[in-house]
Amino acid sequence: MTVSSYSPADPGDLVVRVEAAGAAGTAAAVERARAAQPGWRGAGAAARSAALTHAAEAVEAHAGELAALIVREVGKPLAEARGEVARTAAIWRYYAQAPYAPSGAAHEPAAGEGLLLTRRRPYGVAGLITPWNFPLAIPTWKAAPALAVGNTVVLKPAPEGTACALRLAELAGLPAGVLTVVPGGAAEGGALVAAADVVSFTGSTAVGQAVVAAATGRGIPVQAEMGGLNAAVVLPDADLGQAAAHLAAAIAGYAGQKCTATSRVIAVGSAYEPLAEALVKALGATPAGDPGDPATVCGPVIGEAALTRLTGAIGSARAAGAEVLTGGARVDRPGWFVEPTLLAGVPAEHPLLVEEFFGPVAVLLPAAYLDEAVALANGTRHSLAASVHTRDLDTALAAADRLDAGMIRINAPSSGVDFHLPFGGTKSASHGAREQGQAVLDFFTASRTVTLLPAGTAR
Ligand code: NAD
């Protein structure tokens, strides 16, 4: 079996074709990683820190090449692709400090003499399964913390991001067995979950739930970051021009293919009419186009199936009485381009308001008051991110307190969060520990409690 990855902006362009690892090859990669792990952990904090710093430097030294590869392989517009490369280097650098952090603490015994220690240690082999939409940053934000605390890593990237993952591992230049990429799809992903000591997954909800069930069945720790159906709440007192610009970026940026993209815009009270007008204008200013052009905001969607699913959903919403305020069609050019689209009057039970569609499409919804807006926003299982647009601090804080989403941004697009802060959602959007920051370093290690008594203590 082979894995082939084609450019979504130019589907005739084969970016890479490689042999799939297969289930047996994946299991063998895990065994090599297991054999390499004691040496990697035993090399010490300075060696691991230096290796991660080297990876950051290699990414920086090849920034132009990597950005071009992201544009070509997954159709991310150039400006965002450059941003992803810079973020990738920053993540390696951030976690390069982690090997020096304390790995435990000393405690007082509840009674008597002695010393209690808690100490965290790596599990062994971290199995990482990643999506295509951040083909350098997501593999890095899982691999760097796993490696920093002494695990070795086997990475199973999405087939559509294979070339990016292979180049990242090559540039990182880690010792043999420390970071291995296994190209493939579901079979390799399943084999990795069956053999790894700890699993971190990012991708769609259905696959994530299956991965969680399989890992939990084996009794190994697992975290999963899955899809979002993210809402933006716009109050009448907001700077509506600014809100519309932020929303257009969150709806159309990278053709809406971020787990934190906005797909539901909830306009409160008198905000509805002026916001609809401003948003139609802002989306009209971000047409779908060549991802290699530094001015492009909205590139192609990842493939033909994604395009068909999106245009089908827009068509069925129309048939159910929805109004297309802007966009709504495939762009007449080679590649998988959909116009940035805003719909109104979509029935509540329509799939566009129930499932994640991962495209440059949003639904505008009215709400009489903030309470109703919060109830609408929370009326989903996919509560990953949300944004609130208002000039009033009390309203902002009240909304932030009551929204279910794991990441809430005030007067900013729903998409985007700093890489050193906890990342994740609630309900079906996430399972297990948060990614990023300290939370993920804890996830990739197990705590052990050690009791030391003076020799000869009678107890
Ligand atoms: P996907 O679920 O199709 O694939 C994700 C990964 O799982 C791929 O590597 C795939 O090959 C692998 N896989 C598929 N079937 C498997 C199986 N049965 N067992 C083990 N592994 C299997 O998702 P995708 O299309 O690559 O990515 C888009 C999705 O990712 C969207 O739903 C998006 O919301 C989500 N995403 C979430 C976050 C987040 O942090 N919440 C971030 C980025 C993307």
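Side chains are part of it too, since the values below use all heavy atoms of this structure and drop only hydrogens, waters and symmetry mates. Note that ligands are numbered from 1 as they come in the structure, with each ligand's atoms numbered from 1 the same way.
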Can you classify the ring geometry of W141 versus F423 as parallel (below 30°), tilted (30 to 60°) or perpendicular (above 60°)?
tilted
Residues in the immediate environment of ligand 1 (any heavy atom closer than 4.0 angstrom):
I129, T130, P131, W132, N133, I138, K156, P157, A158, P159, G185, A186, G189, G190, F201, T202, G203, S204, V207, V211, E225, M226, G227, C259, E356, F358, L384, F423
State whether a side-chain donor-acceptor pair under 3.5 Å links E160 with S5.
no
According to side chain to side chain donor-acceptor pair (under 3.5 Å), does anything in residues 334-351 pair up with another residue at least two apart or in another chain? List the pairs.
S316-H350
Looking at residues at least two apart in the chain, or sitting in another chain, which of them share a side chain to side chain donor-acceptor pair (under 3.5 Å) with Q257?
none
How would you list, by chain and number, every residue that makes a side chain to side chain donor-acceptor pair (under 3.5 Å) with R17, sequence neighbours excluded?
S4, Y6
Is the ring pair Y94/F419 parallel, tilted or perpendicular, if the boundaries are 30 and 60 degrees?
perpendicular
